[in-house]
Amino acid sequence: MANADIKPKSISRARKWSDEVENLYRFQQAGYRDEIEYKQVKQVDMVDRWPETGFVKKLQRRDNTFYYYNKQRECEDKEVHKVKVYAY
């Protein structure tokens, strides 16, 4: 299967915060499903991450503007249920 053909098989909503949910929140804020879709669209191999936490540091939206994120958690508890978790 080619990288461009990767589509999610199912979707669910996050129930509690985790590092994975935090990163998904950041990708979805920038307009992508997750890291896989971001890499497909932007044709990049690596995503900028904070070395201390492993959270996403910077993302480029589809209109080529950038989102910059803090080292600390940004997805508040009231936002967790909005995050979509995709299964491949």
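For this chain, numbers begin at 1 and follow the sequence in order. Quick caveat: nothing in here was measured; it's all calculated off a predicted structure. Atoms considered below: every heavy atom in the structure, side chains included; atoms not considered: hydrogens, waters and symmetry mates.
Using a 4.5 Å cut-off on side-chain heavy atoms (C-beta onward), W17 and R73 make contact. The shortest distance between side-chain heavy atoms of E74 and E22 falls below 4.5 Å. Here the side chains of S10 and Y86 are not in contact, with every heavy-atom distance at 4.5 Å or above. R13 is not listed as a side-chain neighbour of V85, based on a closest heavy-atom distance of 4.5 Å or more. Proximity of R15 to H81: side-chain heavy atoms (C-beta onward) are nowhere separated by under 4.5 Å.
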**Asked** Does the pair T65 and Q60 meet the rule for a side-chain contact (heavy atoms from CB on, under 4.5 Å), with working shown?
**Response** CA-CA 6 Å; T65 57; Q60 188 175 10; over 6 Å; no
**Prompt:** Checking side-chain contact (heavy atoms from CB on, under 4.5 Å) for the pair Y38/V44: CA distance, chi angles, key distance, verdict?
**Reply:** CA-CA 8 Å; Y38 180 76; V44 296; 3.9 Å; yes
**Request:** Quick one: do I6 and Q40 satisfy side-chain contact (heavy atoms from CB on, under 4.5 Å)? Show the steps, please.
**Result:** CA-CA 9 Å; I6 296 176; Q40 286 175 359; 3.5 Å; yes
**Message:** Test side-chain contact (heavy atoms from CB on, under 4.5 Å) on R62 and V41; report intermediate values, then the result.
**Reply:** CA-CA 8 Å; R62 293 173 194 261; V41 172; 3.8 Å; yes
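A distance of 12.0 Å separates NZ of K84 from CG of L24, quoted to the nearest 0.5 Å. Going from atom CZ of F55 over to atom CG of D19 covers 4.5 Å, rounded to the nearest 0.5 Å.
For the pairing with Y67, the side-chain hydrogen bond (donor to acceptor under 3.5 Å, both in side chains) check across R26, R61, Q29 returns one residue only, R61.
The two residues W50 and V56 come nearest to each other via the heavy atoms CD1-O, 3.9 Å.
Within a 6.0 Å radius of CG in D63, more than 12 heavy atoms belonging to other residues, nucleotides or ligands are found. Atom CD of E20 sits in a sparse spot, with 12 or fewer heavy atoms from other residues, nucleotides or ligands closer than 6.0 Å.
Aromatic ring centroids of F27 and Y32 lie 6.0 Å or more apart.
For E37 and K42, the salt-bridge test fails: no basic side-chain N is under 4.0 Å from an acidic carboxylate O. Ion pairing of K57 with D48 is absent here, as no side-chain N (NZ or NE/NH1/NH2) approaches a carboxylate O to less than 4.0 Å.
Linking Ile, Leu, Val, Met, Phe, Trp and Tyr residues whenever their side-chain heavy atoms come within less than 4.5 Å leaves Y68 and V47 in two separate clusters.
Under the 3.5 Å distance criterion, with hydrogens and angles disregarded, no donor-acceptor pair is assigned to the side chains of Y69 and N23.
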